[in-house]
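What you see is a predicted model, and the numbers here were worked out from it, not measured in a lab. In what follows, chains are A, B, ... by sequence order, proteins preceding strands, each numbered from 1.
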2 protein chains.
Amino acid sequence: MTIAEVSKKYGVSADTLRYYERIGLIPPVHRTAGGIRDYTDDDCNWVGFIKCMRSAGLTIEALIEYVTLYQQGDETIQARKDLLIEQRRLLLERIAEMQATVERLDGKIERYDQWNQRFSQQLAQSSSKNEQP
Amino acid sequence: MTIAEVSKKYGVSADTLRYYERIGLIPPVHRTAGGIRDYTDDDCNWVGFIKCMRSAGLTIEALIEYVTLYQQGDETIQARKDLLIEQRRLLLERIAEMQATVERLDGKIERYDQWNQRFSQQLAQSSSKNEQP
DNA sequence: ATACACCATGGAGTGCACTCCAGGTCAAGT
DNA sequence: ACTTGACCTGGAGTGCACTCCATGGTGTAT
């Protein structure tokens, strides 16, 4: 597959694909004799994997380390697994934090609801200032 | 409260607090006669709220709009509520995406486990290449 | 009253993660 | 062989979200 095809398939610009390869966020891509990138299925899977992990918020740093370990061969399998486990833990931590934020928003939204109720009851009577942040 | 105290309390640098105020991410903070910031409880609550929302990933853009609406008074209550509901929805969407990524990581980690099992069974026999991304 | 730590502002600087560009190479169609 | 469009590289440029800095004002303790 050409870089344009991979770009389209994964919704990642060709520039970004080259950039990812340059910084080691994906392993070197297979090339034609002329030096043009010719993504194999494995290369594509790396792109998909990295895209998924990046959009979930894994740091570039951690992913580069994973790729680096991968390229060092079978001796690093335990290290790679440990890395993934740690990143999974961080991800769950962030999910929990975001869940807490959802609940905070729920509380705020509910207070707006209550205000609306009071407002419709008091329509055309006195007006009370709404002071919630 | 002085800016230094607020900075310490919320773990946000004084520069960032001033920056947030400047771009309208928090409403203007109360000042002393001499022009020095003197955060009220309300000002502090804004800082806490914005910090929480930012670290959950809400965009600065959306939060500025929320603050802008807030400053326009009671007429914007419905709009503010709608904004929060929409942001809540986006947050849940991202949580779901991250949850899917956790599951993808689980699958990968499990495959590393299986490889380790095979490896310890085959110890000192043949070596098989590990090809998972 | 003066020293000195803290605070103010406007503007410049930083690091990240791309994104764009110039100048040149490659390859598919005619 | 030639045109044309996609691709190559190295390097410069961009936008965001801060972060730092120079210069000058504030306010409290001695």
Q: Between A/Ile60 and B/Ile3, just flag the one whose closest nucleotide in DNA chain C comes earlier from the 5' side.
A: B/Ile3
Q: Testing the basics here: between A/Thr76 and A/Tyr70, what is the closest heavy-atom pair and its distance to 0.1 Å?
A: OG1-N, 4.2 Å
Q: With a 4.0 Å cut-off on heavy atoms, is A/Ala14 in touch with a base, just the backbone sugar-phosphate, or nothing at all?
A: nothing
Q: Rounded to whole Å, please give me the gap between CD1 in A/Ile36 and C1' in D/dG5.
A: 11 Å
Q: Quick one: does B/Met98's side chain get under 4.5 Å of B/Val102's, heavy atoms only?
A: no
Q: Mind checking which nucleotides bracket the chain A contacts on DNA chain C, 5' to 3', with an atom under 4.0 Å from a heavy atom?
A: C/dA17 to C/dA27
Q: According to a strict under-4.0 Å criterion, is A/Arg37 in side-chain N/O contact with OP1 or OP2 of D/dC7?
A: no
Q: With heavy-atom distances below 4.5 Å as the criterion, would you say the side chains of B/Asp43 and B/Thr40 are in contact?
A: yes
Q: Would you call B/Arg18 and B/Glu21 a salt bridge, using N to O less than 4.0 angstrom?
A: no
Q: Between A/Glu5 and A/Lys8 (salt bridge meaning N to carboxylate O under 4.0 Å), is one present in this structure?
A: no
Q: Run the ring-centre check on B/Tyr66 versus B/Phe49 and record whether the distance is less than 6.0 Å.
A: yes
Q: If I compare all heavy atoms of B/Ser13 with all of B/Ser7, which pair ends up nearest, and what's the gap?
A: CA-OG, 3.7 Å
Q: Heavy-atom contacts under 4.0 Å between residues 15-33 of chain A and DNA chain D, which residues?
A: A/Arg18, A/Arg31
Q: Looking at B/Met1, is its backbone amide N or carbonyl O close enough to the side chain of B/Asp38 to form a donor-acceptor pair, meaning the two atoms are under 3.5 Å apart?
A: yes
